[in-house]
Structure formats: structure tokens, C-alpha cells
> 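Below is one structure. I have some questions about it.
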Amino acid sequence: MRRECITAASFCYLICGLLGPVSSQAAELSPEMQKWGDHYARDILPIVKSRCLECHNGEDADGEFDLAKYTSGEAAADAGDLWERVARRVRQNEMPPQGSPGLSDPQKGAFYHWLDSRPGQDLCTQLASDETQSWYRGHVMSRRLTRTEYRNATRDLVGIELPPGALPPSDGAGGEGFDTVGDSLFTSPIHLEAYLMAADRLIETAVPDQAEGATESVLAARRRILGTLPKSLDPASALDDRAAAKANVEAFAKRAWRRPLTPEETERLLAIFDAALARTGSFVAAQREPLKAVLVSPHFLFVVESEPEAGGVQRISPHQLATRVALLVWSSIPDDRLLQLADSGALYEDDVLRGEVRRMLADPKAQALGENFGLQWLGLKEFGNGPKPDSEVFPEYNDALAAEMREEAIRTVASVFREDAPLTDLIDADYIYANAHLAKHYGLDLPEDASWQQVKLDSRQRGGVLTMASVLTSASYPRRTSPVLRGRWILEEVLGARVPPPPPNVPALEEEHGEGKATTLRERLELHRQKAECASCHNRMDPLGFGLENFDGIGRWRESDNGQPIDSAGKLPSGDTFSGPEELKVILLKRSGEFQKHFVRKLLGFALGRELNKFDNCVVDHCLKRLKEEDLKSAVLIEEIALSYPFQHRYFKSDK
């Protein structure tokens, strides 16, 4: 009995001894703290009474601690922030001590829940740590560059773009649905083989032995990479081969590794140059070898955020911040200006970082926001590679048209940030982006040789992501449209609502048109919704999808289907009614708050590369507040995310 009293009391000593004496003249508690104290009295105090009071009561209490002083909700609530010290020790399994009966899982769960629900926590400045990463999904993993980031990084570094067949395999998605999540970015032998072959191909192409006969793009790449020539190649130079090689290697590796090199790293790369020079006798041939090594180094292939000695939550270095910002806006590596600001530490200054975000958004490389973030948000990352519309029903559809549909989606999302347009332009805009071929597909007039441009619309039938051919095609079946798929897409990708999967054993929508059967898709869906197990979801999805029924399975406008006039009217469970895409977009704009919150969460999840949680809510709320203050101008979202605490800080595990 006494043994159990001592070991169980250890936990109670931790809970109460860390907090110190409680004043009988406690300050008046706020209603929220009073409620938290009541939670303690109702759920936690019984645990304390059953496991602790026998040994921790009165003047002779074990550990000279009288637990009876903490037998009220007011006493517990008045202890304040020190409860976090309790949580840390309990979650690290330091208390109750080993060998003690300890607490049952339900008791621990109740204690954790009470601690985590304390009012007034500054969640904006908390990140994952050793004791919390098991339950807090904000723990950020180091990761390799995604396929898109690798393609853009090599292009910006070398000046030559790799063809799709030379790129590593595509990546899966995780977290908030993006491929920037570390635990979904596996590195396989296929990746390593692709990296080796790509590095060899890039450097051999960009740095030929002789400049004569090379294309202008190759000449530009060669001049950039061989920025310093030795006396053996340029009589005006005073440098020998090794000194010139060192200057080239340091400049190239700094851009590739997104930071200055250490002397040891420089020497290791120059050792490769020395060996190659001895073997080939050619400065240019020898120079290529350490450059290839730079491109297959983990310092290039991975987003490396080296751990500081102190461990714990630390602000990332300015060079790491430059990398994060470049990956967010450009899906690529920092340029020379960003690296210079990181060298001086000026990138830490809020005004400087805001200015850089605006500069980067104005750069053509910001098109990556549309390609990398935009396509993944819209569910179009693999558009054109999966199932295609039936060629018998839609003979006009081909790979070229699919590529143009995809390009429209990229330009639509990227332009909202580049032009600092209202975020609601993604729902309803008076323009689209098209070239001559896509405009013809849409029934619009453009010159036959028209390149990509913003096209003003006479009506709001189109405009925004809902009416893009890529979205309409991907949310259709190969031979027909699907109000269900389109409605579900609007709910999930635009409004952020969750739609559960259909219940088991529910029959598929009837396709045939036999005697006595409905002849239109709407009538067949009406019958489908009469089933009680289907109605709850379909009453939310189907009306939204009906609003897009004037668009066929590849996004063209139509007035009839199967010989019957299109009925694009819908009535939502809220009672709102509409007819056609123009009125549907008006209804969605009334729910703009839902769209804004969902979009901000998606963008933040993409930027952080992880699933969001309660600790990120304050960042989302702040972004929404700033968005409202700036009349919904979208560029402010990139600024606020780049300035946010979780974007500029990381938890580092300590080796001590």
C-alpha cells in the first residue's frame, strides 16, 4: 500500500509541486478560466483524490507538499502557464516514474485534454517539439525537392530546361493535399538514377569544350557557369586553373545549395577538379566534374535546414528563409538578390521581405504558383494523363486541347497573385485566359494566330475556375457530364466542405433509357435522391452541379442534352435558388467567407509542407483579417504567410 502511495504520489507531486503555493487571495478568474477550472474540478480532481491525497495531505504530506490546497477548480486555474511544465514532463513519460502503476490511458487522456484546452494559449508562437510531435501534426520533416521544384531549380541554375523524360518520377500528395509534404516524398533508386543522368546531361550540354557552334541558350549558360576563366584560356586573366575553378565552383554551388560553402566543402569539390584535370588535361572538361557533384549533392536535392546547437524551436537562418520563400512563390531556388539579402541578414526585416515577395510575384517565374499550387488545389495535377473523354462522343478532344486547358488553369491562378487581383476573381471574373485554339473551343473570336492573353467577356457565363474546361472535363465521365462530380468538386475544392464517400451497396446511377425510364440526367438523379441513404449528400451536391449543366463533358456551351432542353436550375438546402452558371456564381459569392478560409488553409498548407492543426488557426485568421483590410487583394496572403511564425521558425531536435 505504501509503495503504491509513493509512486502514484510522484505524479501528484509533479502536478502540484511544480506550481508552488496557491494564494488564498487568487485574482478573480475570467469566465473562460472559470470554465477551465470547472473542467478540472469535474474530470481531473477525482483522479487526484483517488491516486494522490492519501499521501499528499496535511502537514506530513510526502515531499512536504499538501495536495489538499489544490482541490478546487479556482486553485488549478490560478496556476496559469506553469501547467505547461506539467504537460512536458508527462508527455515525455518522465512522470509517473518507471515502475509506478501510473495512470491509465483514459486518465492520461483526460489530463491531456484538460491541459490542451486552457484558455489564452498563444498558439501562434507554438510549434512541434519532442514531447508534442506524436500528437501535434505540425512537425516539419526535411524533404527533397519535388519533381516540379527540381525542374525549375535546374532551369534557373543552369539556364537549360530538362525535357519531361529526363525528370525524376512524379510525387504523391500528403498533408493538405500537396506534394510538398516531407513524409510523402520518398527517395528511391529510380530517383537517384534520374538525378545522376540529369546532372550529367545538364552540365555536358551547358558547358561544351568549345563555344563555337553552340546555340545562344547554351552560350548564355556557359558564360554564366564559367564566369571566371584561367590564364590558360584568357590571356587577360591573372588566375591559374585551380583559382579560376574555385571561383566558378563557389559561385555555382552557392546558388545551388542556397548558402555559402564552408572551406571544407570547397576543398572537397576542388579535389574532384584536380583529379579530372590530371586525367584530361582540359580546364573545361575538369570544371564539369565538380559541377555535376554539386547537382547530385543532398545540399541541392534536399531542402536542408541544418540543426542549430541549441535545439528546440528556433528561427530558421536567413538563407533557409530565402529558400522557403523561393519555393513558395517560384517553386525554385533563390536568385542572387535573395541570397545577397540573406548574406546581410536584411531578409529578416519585415519591410524587406514584403518588398521581395512583391518583386518575386512580378517575375515571370511566379507562374509556378499557378502550376504547382494552383493545379494541385484544383485537383488538376495529372490532368491529361488519366482517363480521357470518349473519342466517339467527343472527337474534338486531343492532347493539344488538353494541354491548352491545363495552361488556362495555370494562368488563371497565377494571374490573380501576379496582378494582385481580388481573390474572388477565382470564383467570378469578367475575363478568361485563352489562345486562338482554346477561344475557338469556347466559341469566342480571336485572330487565328492569337497567343495567350487575357480575354474580356461580354457575359459571366465563363470566368473563374468553375467554368474552365479543365475543371469541367475532369469532373465529368468519359461519355457524359456529371452534376454529382461537379457539385462535389465545388463543395470540396471551392467551399472546403467534406463530402463522405457513398454508403456501401448503393447502386450506380441508371444509364439506360428504356421504356418508362427517365430520359434526362436530371430526372435520373431526382430518382436517385429519393433514396434516404443518398439524399443527405446529393441534396447538397446535385443542385450545384446542375448549375453547370450548360457545359458539356469537355467544357463547351450547350443548350440541350439528349434532345431535351438543359435545365440548369438548382435549389440548395439553404433555400437559395439559381439557374445557370452566372446565378450559381452569385450564390457562391454569398458564401465567399467559406471559400476564402478554405483557400487560405490550402495555401498555408502548401507553404508549410504539412497538415494544418489548431496551432495554425491564428495564422489563417490573421491572413483573413489582412485580406479583408486589403479589399481581398490576393498578394497580401503570400506576404503574411512569409512573415508568419511557423513559416520562419522550426523545431529542431536537440542531441543533448
> State whether R143 and D179 are salt-bridged, where the test is any N-O pair (Lys NZ or Arg NE/NH1/NH2 against Asp/Glu carboxylate O) under 4.0 Å.
no

> Of all the heavy-atom pairs spanning A206 and I225, show the shortest one and how long it is.
CB-CD1, 4.0 Å

> Is it possible for you to check whether K365 lies under 6.0 Å from the centre of the six-membered ring of W330, through NZ or CZ, and within 45° of that ring's axis?
yes

> Classify the angle between the aromatic ring planes of Y195 and H191 as parallel (below 30°), tilted (30 to 60°) or perpendicular (above 60°).
tilted

> Report the C-alpha separation of L157 and F252 in whole Å, then their side-chain angles, then the decisive distance to 0.1 Å, and conclude whether the side chain to side chain contact (heavy atoms under 4.5 Å, CB included) test is met.
CA-CA 8 Å; L157 179 64; F252 185 81; 3.6 Å; yes

> Within a reach of under 6.0 Å around NZ of K246, are more than 12 heavy atoms found that belong to other residues, nucleotides or ligands?
no

> Below 4.0 angstrom, N of the basic side chain to O of the carboxylate: do R358 and E639 qualify?
yes

> List the atom of P422, the atom of K633, and the distance in Å for their closest heavy-atom pair.
N-CD, 4.1 Å

> Knowing that exactly one of D156, N152, T323, T148 qualifies, which makes a side-chain hydrogen bond (donor to acceptor under 3.5 Å, both in side chains) with S332?
D156

> Before accepting this row, confirm whether a basic side-chain N of the pair R411/E407 lies closer than 4.0 Å to the acidic partner's carboxylate O.
yes

> Report the C-alpha separation of Q453 and N435 in whole Å, then their side-chain angles, then the decisive distance to 0.1 Å, and conclude whether the side chain to side chain donor-acceptor pair (under 3.5 Å) test is met.
CA-CA 6 Å; Q453 59 190 269; N435 63 1; over 6 Å; no

> Salt bridge or not between E216 and R223? Use side-chain N to carboxylate O under 4.0 Å.
yes

> What's the shortest heavy-atom distance between L321 and A642, and which atoms?
CD1-O, 4.4 Å

> Scan side-chain atoms only and decide if S232 and D241 contain a donor-acceptor pair under the 3.5 Å cut-off.
yes

> Does this structure show an ion pair linking E267 with R242, if we count only N-O contacts that are shorter than 4.0 Å?
yes

> Compute both the distance and the angle, then confirm whether R315 meets the cation-pi test with Y348: under 6.0 Å from the six-membered ring centre, within 45 degrees of the axis.
yes

> Are Q596 and K628 close enough, and set up right, to give a side chain to side chain contact (heavy atoms under 4.5 Å, CB included), and what steps lead you there?
CA-CA 10 Å; Q596 292 172 40; K628 184 177 180 180; 5.9 Å; no

> Does atom CD (E193) have a neighbourhood of more than 12 heavy atoms from anything else shown, all under 6.0 Å?
no

> Before you tell me yes or no, could you show the steps for I203 and L295 under side chain to side chain contact (heavy atoms under 4.5 Å, CB included), namely the whole-Å CA-CA distance, both residues' side-chain angles and the distance that decides it to 0.1 Å?
CA-CA 9 Å; I203 298 303; L295 289 183; 3.9 Å; yes

> Shortest non-hydrogen contact from T412 to V465?
CG2-CG1, 4.3 Å

> Which is it for L341 and E349 under the side chain to side chain contact (heavy atoms under 4.5 Å, CB included) test, yes or no, and what are the steps along the way?
CA-CA 10 Å; L341 292 171; E349 299 174 19; over 6 Å; no

> Any luck finding a side-chain donor-acceptor pair between E419 and S415 under 3.5 Å?
no

> List the atom of M405, the atom of L438, and the distance in Å for their closest heavy-atom pair.
CG-CD1, 4.4 Å

> Using 4.0 Å as the upper bound for N to carboxylate O, is an ion pair formed by R626 and E630?
yes

> Side-chain contact test, heavy atoms from C-beta onward, threshold under 4.5 Å: evaluate it for L612 versus N617 and give yes or no.
no

> Whether D343 and K254 form a salt bridge (side-chain N of Lys/Arg under 4.0 Å from carboxylate O of Asp/Glu) is what I want to check.
yes

> How about CZ on R201, more than 12 heavy atoms from neighbouring residues, nucleotides or ligands closer than 6.0 Å, or not?
no

> For S317, is there any backbone N or O sitting under 3.5 Å from a side-chain donor or acceptor partner on Q320?
yes

> Name the residue from H319, Q314, R650 that meets the side-chain hydrogen bond (donor to acceptor under 3.5 Å, both in side chains) definition with E305.
R650

> Using every non-hydrogen atom in the two residues, find where V325 and L353 come nearest and quote the distance to one decimal.
CG2-CD1, 4.0 Å

> Testing the 3.5 Å rule here: is there a donor-acceptor pair between the side chains of Q376 and N372?
yes

> Consider only side-chain N and O atoms of H299 and R258, and report whether a donor and an acceptor are under 3.5 Å apart.
no

> With a 4.0 Å cut-off, would you call E611 and R601 a salt bridge?
no

> Do the side-chain N and O atoms of E640 and H622 include a donor-acceptor pair separated by under 3.5 angstrom?
yes

> Assess whether a salt bridge exists between R288 and D209, defined as any Lys/Arg side-chain N lying under 4.0 Å from an Asp/Glu carboxylate O.
yes

> Check the side chains of Q454 and Y433 for a donor-acceptor pair under 3.5 angstrom, ignoring hydrogens and angles.
yes

> Determine the interplanar angle of the W377 and F599 rings, folded into 0 to 90°, and report it as parallel if under 30°, tilted if 30 to 60°, perpendicular if over 60°.
perpendicular

